[in-house]
Number of protein chains: 2
Amino acid sequence: MISPSAEPLSSSIRGAGLKVTEPRLAVLAALEMQPHADADTVFSQVKRHLPGTSLQAVYGVLAALTAAGLLRKIEPAGSSARYERRIGDNHHHLICTDCGTVQDVDCVTGEAPCLTPADTAGFAVHTAEVTFWGLCPTCQTSNNQR
Amino acid sequence: MISPSAEPLSSSIRGAGLKVTEPRLAVLAALEMQPHADADTVFSQVKRHLPGTSLQAVYGVLAALTAAGLLRKIEPAGSSARYERRIGDNHHHLICTDCGTVQDVDCVTGEAPCLTPADTAGFAVHTAEVTFWGLCPTCQTSNNQR
DNA sequence: CGCGTTGTTTTTAGCGATTCAAAACAACCA
DNA sequence: TGGTTGTTTTGAATCGCTAAAAACAACGCG
């Protein structure tokens, strides 16, 4: 057991038909603390509690949990893949062009207007992804200082 | 001179304050023929006319032209960066989850509704990017054959 | 409660896409 | 035409991630 909050984590893993292991619990716990973390960030977080864990294990866990639907993987242009536990709702992201920080955005103005392109060109569309790019509050002020 | 259509290409490069060179003309010409090509595809196209060109030169040209605003770079999750000459209008993309084919999509239903998130969380948003994921016509039929 | 099966993690390599740095080179202005 | 400055070549390195095989541990069954 890794912490008192590990119990609900265990059942979600088990519920997905996966074996419950320390690395998996630790990865979920890490993403609870730091949403939108990349593999390396998760890795350093996990290492604190499970020093023997390898980076490859983290990659494996992230892939397994993503395939199982427990995690959502986002791949912003220009940075490494990030993962989040918030799944199932279709929310979008606000990403800082300077520092890469990711913020969740509850769906856009006027409901889900972006879910259908004007002309699908014969594609069977199954997902619409919206990403807003801009400067986060922190980078706005540090840019002003220049 | 690389072809009769090289003239307008030259002036667009010059107009951006860049020196006009054969590799640059060839890259623009290649993207005229194959929109949404990646660096490697552009490279093999360019090599036909300019056999001495290096892949790194292509990367350099793509970066320079993108920085100059003559090219737009798109980085779909799971595939290498692609480039297109169509810039300035805000159009979006339809990408095949199977083969990675990219299609342009003129803005979504009801004008530009996606340009403003409900809550910007203090970000100074400057761009909204919409990507539709689905199966292209070709991949739909080949999937049915399985 | 322990054992075996099956799924996980470790270890060790490897690969593709892209970037970096220095030297050779060419476009363009005066 | 000559310099200056920006480009391309050449050669190598980096980053993020995937692959493969062997060691290992979770979980269901007896």
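By convention in this document, chain letters (A, B, ...) are assigned in the order of the sequence lines, proteins followed by strands, and residues within each chain are numbered from 1. In this text the structure is predicted, and so the values were computed from the model without any measurement.
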Would you tabulate the side-chain donor-acceptor contacts of residues 53-65 of chain A under 3.5 Å, counting partners in other chains and residues two or more places apart, or write 'none'?
{"residue": "A:T53", "atom": "OG1", "partner": "A:L50", "partner atom": "O", "Å": "2.7"}
{"residue": "A:S54", "atom": "OG", "partner": "A:A57", "partner atom": "N", "Å": "3.1"}

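- Comparing the helix axis at one end of the helix from C:dC1-D:dG30 to C:dA30-D:dT1 with that at the other, each defined from 5 consecutive pairs, gives an inter-axis angle of 30° (nearest 10°).
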B:D38 vs B:V42, side chain to side chain contact (heavy atoms under 4.5 Å, CB included): CA-CA, chis, key distance, verdict: CA-CA 6 Å; B:D38 60 15; B:V42 170; over 6 Å; no
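- Within the structure, the salt bridge (Lys or Arg N to Asp or Glu O under 4.0 Å) test picks out the following pairs touching residues 49-78 of chain B (sequence neighbours left out): B:R72-B:E84.
- Of all non-hydrogen atoms in A:S10 and A:V20, the two that sit nearest each other are O-CG2, 3.6 Å.
- Nearest heavy atoms, B:A29 versus B:L9: N-CD1, 4.0 Å.
- Closest non-hydrogen pair, A:F123 versus B:C96, comes out as CE2-N, 3.6 Å.
- The nearest whole Å value for the distance from the CG atom in B:D40 to the P atom in C:dG16 is 11 Å.
- In this structure B:H36 satisfies the ring-ring contact (aromatic ring centres under 6.0 Å, His included) test together with B:H93, sequence neighbours excluded.
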Could you list the protein-to-nucleotides 27-30 of chain D atom pairs, N/O on both sides, closer than 3.5 Å?
{"residue": "D:dC27", "atom": "OP1", "partner": "A:R14", "partner atom": "NH1", "Å": "3.4"}
{"residue": "D:dC27", "atom": "OP1", "partner": "A:V20", "partner atom": "N", "Å": "3.0"}

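- When rounded to the nearest whole Å, the span between CG of A:L55 and P of D:dC17 equals 9 Å.
- The two atoms that bring A:V105 and A:L94 nearest to each other are CG2-CB, 3.6 Å, heavy atoms only.
- Between A:I13 atom CD1 and C:dT8 atom P the separation is 10 Å, expressed in whole Å.
- The shortest heavy-atom contact between B:Q103 and A:A121 is OE1-CB, 4.0 Å.
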Under 3.5 Å between N/O atoms: give me all the protein pairs with nucleotides 22-25 of chain C, atom names plus distance.
none

Within the sub-3.5 Å range, which N or O atoms of nucleotides 12-14 of chain C have a protein N or O partner, and how far apart are they?
{"residue": "C:dT12", "atom": "O4", "partner": "A:Q56", "partner atom": "NE2", "Å": "3.2"}

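- Atoms CZ (A:F43) and P (D:dC15) sit 15 Å apart, rounded to a whole Å.
- Between A:R24 and C:dT9 there is a side-chain N or O to OP1 or OP2 distance below 4.0 Å.
- The side-chain contact (heavy atoms from CB on, under 4.5 Å) test applied to A:S79 returns A:P76, A:R82, not counting sequence neighbours.
- Looking at residues two or more places apart in sequence or on another chain, you find a side-chain contact (heavy atoms from CB on, under 4.5 Å) between B:R86 and B:D89, B:H91, B:D104, B:D106.
- Two residues, A:S80 and B:G52, neighbour DNA chain D, and the one matched to the more 5' nucleotide by heavy-atom proximity is B:G52.
- A heavy atom lying under 4.0 Å from DNA chain D marks the following residues of residues 59-78 of chain B, by number: B:V61.
- With contacts defined as side-chain heavy-atom distances shorter than 4.5 Å, the pair A:T97/B:H126 qualifies.
- Taking the side chain as every heavy atom from C-beta outward, A:R24 and A:L18 approach each other to under 4.5 Å.
- Hydrophobic cluster of A:I74: the remaining members, joined at side-chain heavy-atom separations below 4.5 Å, are A:I95, A:V102, A:W133, listed by chain and number.
- Looking at residues two or more places apart in sequence or on another chain, you find no side chain to side chain donor-acceptor pair (under 3.5 Å) involving B:T21.
- With contacts defined as side-chain heavy-atom distances shorter than 4.5 Å, the pair A:L28/A:S12 qualifies.
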